[in-house]
Every structure is written in structure tokens, then in C-alpha cells.
Amino acid sequence: MFAGNYVWSGWRWAAVEQQLPPPPADLNPLASQGRSSAVNAADASRVLAIAKSMTDKISALYADPRLQQQYMQYWTAVAQKEYEDGQIMANAPDGVRRAEAGAISLEVRKLVRIYQVESDYYDWSYERRMLRLRAPSIDHLCKTLFFENTRYTKGQLDLLDPINSKYYAVVVQYTGKLNSQKLTNFVRSLSNGTKKNFNLRIASEAESDEFTGYRTGGVTPFGMARPVPVVVSRAVLGLAPPVLYLGGGHPDWKIACPVAAFVERTRCFVVDLE
């Protein structure tokens with residue numbers, strides 16, 4: 001199957017080699033910095049345009065329900081094989097192993113896939129990240145934000161009681177929106193509390209590190225240091241194929257899981273946050 005200048009083979013996209021025009025004869029390493037920068041900027045723009053075109057075509061293909069079904073069948077088979085093989089975890093750092101242990105405790109380890117990515121991953125465009133992970137679209141790329149109720153008043157239950165927790169781990173798409181007032185209103189509705197006692201804002205990095213056990217870029221709902229309640233944006237449930245990609249316990253590692261299994265096993269709250 002072909003899509004423009006890319007070929008779909010073995011559930012992987014590979015660019016068909018294209019002969020790029022040679023640089024001008026007078027362009028050499030001794031050229032002026034300004035001219036070199038201009039050329040580099042033009043090349044970067046062209047690469048980004050190609051990547052954008054490619055990812056748009058991939059996403060369009062996944063609009064077909066038949067392909068979505070085949071993709072999930074493939075996903076399930078490969079996830080189990082990777083788990084049984086174990087090679088991906090051979091050199092995994094402690095944070096990733098803790099995330100994997102979290103997936104095991106939730107009984108979804110055979111459904112998730114774990115990836116090691118390059119150290120400059122977060123400098124990349126969403127399109128490049130999508131292609132690196134072989135995700136169906138940039139919308140499938142998600143992140144976990146750590147929120148604090150800055151007006152929290154301690155009740156009779158635990159600090160992390162889901163009904164009135166001081167902290168919440170919130171999963172949203174990179175391409176999505178997050179209305180913090182909607183989040184605040186939802187959390188307030190759980191305990192039917194008074195408005196003056198609720199104000200959800202991004203917590204400090206130190207608090208996130210303490211309660212999740214993960215550094216920025218690696219935060220994941222799997223295997224958190226403390227049982228922080230999880231909230232997922234309702235938009236994530238509309239992903240097709242239904243898989244979400246998250247931090248994997250370390251900035252250079254990612255973990256992906258079928259949406260239905262994630263929602264069921266984490267017992268997360270699903271909320272309209274847009």
C-alpha cells in the first residue's frame with residue numbers, strides 16, 4: 001500500500017528514498033554564518049513539511065475502522081511478544097522498571113508497549129515524535145500533568161482520597177486543551193464542597209517528584225510513588241485506534257496502553273477538560 005512518497009510495509013512506514021538536489025557549488029563550510037543558517041532553516045522547513053504531509057496521510061488511513069481493528073490485533077500480539085521476550089527492559093533504568101511493575105500490578109503489562117527514545121526527543125516536533133513511536137497520529141501523544149488543589153482543606157480521610165485529594169495526576173493530549181476551571185469544578189463536585197476550598201493548579205516540580213516518583217518528562221500514572229488519583233481527558237477516549245502514549249518513568253522512555261484497559265484498570269475519572 002502506498003501513500004504519497006511513503007510505503008506501508010509490515011505495519012511500519014518507511015520513506016521512499018528521494019534524490020535531493022545538490023547544494024549550490026559555491027556553498028561550502030567556509031560560507032558565511034548568515035547564509036549557512038538560512039540554508040539550514042530552509043532545509044528544516046522542508047523536512048517539517050514532508051513530515052507533516054506524511055503524518056496527515058497516516059492519520060487519514062486510520063480513519064478506516066477496518067484498519068483500526070487490524071491495528072489492535074497486531075498491537076496485542078506484539079505487546080505480548082515483547083513482554084515475553086524481555087529485551088526492551090534489559091537496560092531499563094529504575095524509573096522505567098517501576099512503571100513496568102505498576103503495569104504488572106494493574107494486570108495490563110501484556111497489553112502495553114515500552115519504548116526507549118533519543119535524549120533530545122522533547123526537542124522534536126509532534127510529527128517526528130509520532131513517527132518515532134509509530135503512533136497513529138499526533139493526537140495519540142499524551143502527557144501526565146501533576147495538579148494541586150492550592151486551597152485544600154484536610155478532611156477526615158487520607159490526603160490522596162480520590163473524592164477530596166490534594167493532588168491529581170491529569171492525562172491530556174499534547175494537541176488537546178485543558179481548562180483548569182473545568183478540572184476544579186469536577187473535583188469540587190466529587191465532595192460537593194464549597195467553591196472557596198478548590199483551586200486546581202500545576203503543582204511544583206518538587207511535589208510532583210515526591211508523589212509520583214518521576215522526573216519531568218517521565219511522569220506516568222503507572223507505578224507512582226504514592227496512589228495519586230488519576231483524571232483523564234474525555235477526548236482521549238475518542239482516539240482511533242484506541243491507544244495512548246505516555247511518559248514511561250524516565251524522560252527517555254515511553255509507555256503506551258490501550259485506552260479501554262487503561263481506564264478500567266487505573267479506575268481513573270474521565271472528565272471533559274476542553
Side-chain angles (χ1 to χ4, degrees), residues 95 98-99 101-108 111-112 139 141-239 242-249 255 257-274:
R98 189 165 66 251
I104 292 173
S105 69
L106 292 175
E107 299 181 349
V108 296
L111 295 176
V112 306
D139 296 331
L141 307 179
C142 298
K143 56 185 173 182
T144 305
L145 303 175
F146 194 68
F147 272 80
E148 173 192 9
N149 179 6
T150 61
R151 299 176 185 172
Y152 173 79
T153 55
K154 184 173 178 58
Q156 296 179 340
L157 301 178
D158 185 75
L159 176 73
L160 297 177
D161 172 50
I163 301 303
N164 184 35
S165 176
K166 184 176 182 180
Y167 301 103
Y168 289 88
V170 182
V171 176
V172 296
Q173 297 160 287
Y174 274 96
T175 59
K177 298 178 181 179
L178 194 160
N179 185 319
S180 60
Q181 188 57 54
K182 283 189 173 183
L183 177 61
T184 296
N185 292 343
F186 169 75
V187 172
R188 179 164 62 89
S189 72
L190 293 173
S191 60
N192 197 29
T194 59
K195 187 174 182 179
K196 67 178 183 179
N197 292 330
F198 294 87
N199 182 49
L200 275 289
R201 292 290 182 267
I202 295 289
S204 69
E205 188 171 341
E207 289 173 302
S208 177
D209 290 351
E210 176 186 353
F211 282 85
T212 69
Y214 300 120
R215 291 190 294 138
T216 299
V219 179
T220 182
F222 294 106
M224 289 188 288
R226 301 280 297 277
V228 180
V230 178
V231 174
V232 174
S233 172
R234 187 177 300 279
V236 172
L237 273 67
L239 292 173
V243 175
L244 74 160
Y245 292 73
L246 294 159
I255 188 169
C257 181
V259 173
F262 179 87
V263 171
E264 177 185 356
R265 301 308 300 174
T266 62
R267 299 183 180 179
C268 61
F269 297 108
V270 178
V271 184
D272 175 15
L273 297 177
E274 296 194 336

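Computed from a predicted model, the values in this text were never measured in an experiment.
Listed for the T150 side chain is a donor-acceptor partner under 3.5 Å among the backbone atoms of N199. The main-chain N or O of R188 is never found under 3.5 Å from a side-chain atom of N149 such that the two would form a donor-acceptor pair. With hydrogens and angles disregarded, no donor-acceptor distance shorter than 3.5 Å links the side chain of Y168 to the backbone of L145. Formation of a donor-acceptor pair under 3.5 Å by the S180 side chain with backbone atoms of L200 is not found in this model.
To the nearest 0.5 Å, atoms CZ (R151) and NZ (K196) are separated by 10.5 Å. Here the straight-line distance linking atom NZ of K166 with atom CD of E207 works out to 6.0 Å at 0.5 Å rounding. Here the straight-line distance linking atom CG of L106 with atom CZ of R267 works out to 9.5 Å at 0.5 Å rounding. For the atom pair L178 CG and I202 CD1, the distance stands at 7.5 Å (nearest 0.5 Å). Taken to the nearest 0.5 Å, the CZ atom of R226 stands 6.5 Å off from the CD atom of E210. Taken to the nearest 0.5 Å, the CG atom of L237 stands 9.5 Å off from the CG atom of L244.
With a 4.5 Å cut-off on side-chain heavy atoms, L141 and T175 do not count as touching. The shortest distance between side-chain heavy atoms of V232 and T266 does not fall below 4.5 Å. For the pair V271/L183, no side-chain contact is recorded, criterion being any heavy-atom separation below 4.5 Å from C-beta on. At a threshold of 4.5 Å between non-hydrogen side-chain atoms, the residues F211 and L160 count as touching. Between Q173 and V236 the shortest side-chain heavy-atom distance falls below 4.5 Å. Counting only heavy atoms from C-beta outward, the side chains of V219 and S208 approach each other to under 4.5 Å. The shortest distance between side-chain heavy atoms of R201 and E148 does not fall below 4.5 Å.
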What do the steps show when you test V231 against F147 for side-chain contact (heavy atoms from CB on, under 4.5 Å), and what is the final call?
CA-CA 10 Å; V231 174; F147 272 80; over 6 Å; no
Walk me through whether V172 and K143 qualify under side-chain contact (heavy atoms from CB on, under 4.5 Å).
CA-CA 6 Å; V172 296; K143 56 185 173 182; 4.0 Å; yes
After noting the C-alpha distance and the side-chain angles of L273 and N179, does the key distance pass the side-chain contact (heavy atoms from CB on, under 4.5 Å) rule?
CA-CA 5 Å; L273 297 177; N179 185 319; 5.7 Å; no
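Using bins of under 30°, 30° to 60° and over 60° for the plane-to-plane angle, the ring pair Y167/F146 lands in the parallel bin.
Across all non-hydrogen atoms, the minimal contact from T212 to R98 is O-NH2, 4.3 Å. Here the shortest heavy-atom pairing between S105 and G102 reads OG-O, 2.7 Å. Considering every non-hydrogen atom in both L246 and T220, the closest pair reads CB-OG1, 4.5 Å. Considering every non-hydrogen atom in both C268 and F262, the closest pair reads SG-CE2, 4.4 Å. Taking each heavy atom of P229 and P162 in turn, the nearest pair found is CG-CA, 3.7 Å. Across V171 and P221, no two heavy atoms sit closer than the pair CG2-CG, 3.9 Å.
Between F198 and F186, the ring centre distance reaches or exceeds 6.0 Å.
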